[in-house]
Number of protein chains: 2
Amino acid sequence: MGRKSLKEPRQKEIIKAFYKIVKKEGLENASIQKIAESIQINPSLIMHYFRSREHLVYGLVEFILDRWLHIFDVKDAEDPMDALSAVLDNVFSKKWNSLFDDGTSYSLYSLAFRNKTIRQRYKHLLDTLRQRLAEMIAACNKTKQLTVKDPAAAADIIFVLVDGAYYYLSLVDDKAEYDRRLAVYKQHALKVLN
Amino acid sequence: MGRKSLKEPRQKEIIKAFYKIVKKEGLENASIQKIAESIQINPSLIMHYFRSREHLVYGLVEFILDRWLHIFDVKDAEDPMDALSAVLDNVFSKKWNSLFDDGTSYSLYSLAFRNKTIRQRYKHLLDTLRQRLAEMIAACNKTKQLTVKDPAAAADIIFVLVDGAYYYLSLVDDKAEYDRRLAVYKQHALKVLN
DNA sequence: AAATATATTGAACGTTCATTCAATATATTT
DNA sequence: AAATATATTGAATGAACGTTCAATATATTT
């Protein structure tokens, strides 16, 4: 009995508003009050749906990390090699930046050094990414299109390259240089598969 | 005339205290008051030596970034190959972690996405690191100990591997796994030089 | 219409924050 | 000892913060 719960959509709405402000003003400047103001609700309502700011941050972590998995959103190709190629295109392309804000991601990541929950969540995602890429490489092995000795190791190195690549690229303003370097890094990642 | 200036040592003292608190409690929780308390001075004194908290953060950025360069602190070997090897040992070793706190470094790095000064400072450091490594590789080329076609490109890839490696490794708790993975990443970096 | 569970508001709390400004203390020079 | 530049303190500011709690509003069920 009683009123229907709006928990899920409201939480998502709040997290999206949170994300928007974090993107613009930084995690440390994204206050409950600013979020509430931006979607014209009472700050207390945020406390109602999230017990504390800490839990709100957890919500944002989930939100951001889920987006990473979208790099695997490719058309179901019958050919596993096509699928793998498409995923690598996603990773080494502008799609990356359209998926989420790197500044926000690094801010949350830096919390992992002092917050066990966030740490585990990030670790889990990084492992999931590696595992899924490894599976795709293994599938290509099976069709003899690839002969990668250790798919898990290859996937690992590729993501190391990806993470390291964007660490530098995030600081590159010149678009031409950005693209040129990204291509080089992608080339190196592909070499791991041969 | 007048009293001798204590600017430099005082500033360094304050930054070190700042760093200590950031390491322990995070950048967002490291307040002027906490710093002042930790070294038993008046908060106003911090404002005297740094105009604002922002400038204090700049000071910490300098402090942290300067430490990166210590990876090049190796015994002056006559053999350029020995020197290069020693630097790579530094990068792929515990020395890395003893040099500075990764959590602090990532916190400051995340500011680069909204702060031009910090952004430029980080970019400059990353470029300097690459350039110096490239020079060392070139030196090995000259003595015919290496035949790396493009030393700059090789140095770039190596640091991409380094940055990506620690992005993952920072989340690894198990010491054995940490060491094992670090060795794998180092091996891959070495492969770039052949 | 009464009951009830959830949504939402609004006011208030105490705390901490960065920053300011004037006052005082302490060296160093003339 | 007078002058002076810098060091350091101490009090005060207003703003913003996360969080609380009680009150009210609104659906939904019986």
Side-chain angles (χ1 to χ4, degrees), chain A residues 1-61 104 107-108 110-111 114-115 117-118, chain B residues 1-61 104 107-108 110-111 114-115 117-118:
Chain A
M1 224 218 258
R3 197 168 165 176
K4 217 185 280 178
S5 173
L6 292 178
K7 199 170 181 178
E8 238 175 272
R10 262 299 196 220
Q11 283 189 328
K12 185 143 265 176
E13 186 191 6
I14 292 166
I15 287 173
K16 279 187 180 175
F18 186 26
Y19 175 47
K20 216 178 232 176
I21 295 175
V22 171
K23 224 182 348 178
K24 202 175 170 187
E25 310 190 36
L27 183 59
E28 69 277 18
N29 298 315
S31 66
I32 309 277
Q33 2 255 349
K34 280 183 190 168
I35 301 165
E37 197 183 346
S38 77
I39 50 177
Q40 306 193 78
I41 59 171
N42 199 290
S44 316
L45 196 56
I46 297 178
M47 298 304 291
H48 173 66
Y49 286 112
F50 300 87
R51 294 181 6 231
S52 64
R53 188 180 192 272
E54 190 184 350
H55 284 84
L56 182 57
V57 171
Y58 293 156
L60 184 59
V61 168
T104 303
S107 289
L108 294 173
S110 74
L111 296 183
R114 282 168 294 115
N115 183 301
T117 303
I118 297 178
Chain B
M1 225 217 259
R3 199 168 163 174
K4 218 185 278 178
S5 174
L6 293 178
K7 199 171 182 178
E8 239 176 273
R10 262 299 197 220
Q11 282 188 329
K12 187 142 263 175
E13 184 191 9
I14 291 166
I15 287 174
K16 278 187 181 176
F18 187 25
Y19 175 47
K20 217 178 231 175
I21 294 175
V22 171
K23 226 183 345 180
K24 200 174 171 189
E25 309 190 35
L27 184 60
E28 69 277 19
N29 298 315
S31 65
I32 309 277
Q33 1 256 345
K34 281 182 190 168
I35 302 165
E37 197 184 344
S38 78
I39 50 176
Q40 306 192 81
I41 59 169
N42 200 290
S44 317
L45 195 57
I46 297 178
M47 298 303 291
H48 173 66
Y49 285 113
F50 300 88
R51 293 184 4 235
S52 63
R53 187 180 193 273
E54 191 184 350
H55 284 84
L56 182 56
V57 171
Y58 293 155
L60 184 58
V61 168
T104 303
S107 287
L108 295 172
S110 74
L111 297 182
R114 284 169 293 113
N115 184 302
T117 304
I118 296 179

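In the text below, chain A, chain B and the rest are named by the order of the sequence lines, each starting its count at 1.
Salt-bridge check for B:Arg10 with B:Glu13: passed, with a basic side-chain N closer than 4.0 Å to an acidic carboxylate O.
OP1 and OP2 of D:dA27 both lie 4.0 Å or more from every side-chain N or O belonging to A:Lys4. Checking the phosphate oxygens (OP1, OP2) of C:dA7, a side-chain nitrogen or oxygen of A:Ser5 falls inside 4.0 Å. A:Arg10 has a side-chain polar atom (N or O) that falls below the 4.0 Å cut-off from OP1 or OP2 of C:dT8.
Between the NZ atom in A:Lys24 and the OG1 atom in A:Thr104 there is a gap of 13.5 Å [rounded to 0.5 Å]. Within the model, atoms CG of A:Leu45 and CD1 of A:Ile35 stand 12.0 Å from one another, a figure rounded to the nearest 0.5 Å. Between atom CG of residue B:Asn115 and atom CG of residue B:Leu108 there is a gap of 10.5 Å, rounded to the nearest 0.5 Å. For the atom pair B:Ser110 OG and A:Leu27 CG, the distance stands at 8.0 Å (nearest 0.5 Å). With rounding to the nearest 0.5 angstrom, the CD atom of B:Glu28 is 6.0 Å from the CG atom of A:Leu111. The distance from atom CD1 of B:Ile32 to atom CZ of B:Phe50, rounded to the nearest 0.5 Å, is 9.0 Å.
Remark: P of C:dA7 and CD of A:Glu13 are 13 Å apart, rounded to the nearest angstrom. Spacing between atom NZ of B:Lys7 and atom C1' of D:dA5 amounts to 14 Å, rounded to whole angstrom units. In this entry the distance linking CZ of B:Arg3 with C1' of C:dA27 reads 5 Å, nearest Å.
Within residues 23-57 of chain A, the residues approaching DNA chain C are A:Ile41, A:Asn42, A:Ser44, A:Leu45, A:His48, A:Tyr49, by heavy-atom distance under 4.0 Å.
When every heavy atom of A:Lys34 is checked against every heavy atom of A:Glu25, the shortest pair comes out as NZ-OE1, 3.0 Å.
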Secondary structure of DNA chain C per the Watson-Crick/G-U criterion (both distances under 3.5 Å; [ ] crossing, | other strand, . unpaired) is ||||||||||||||||||||||||||||||
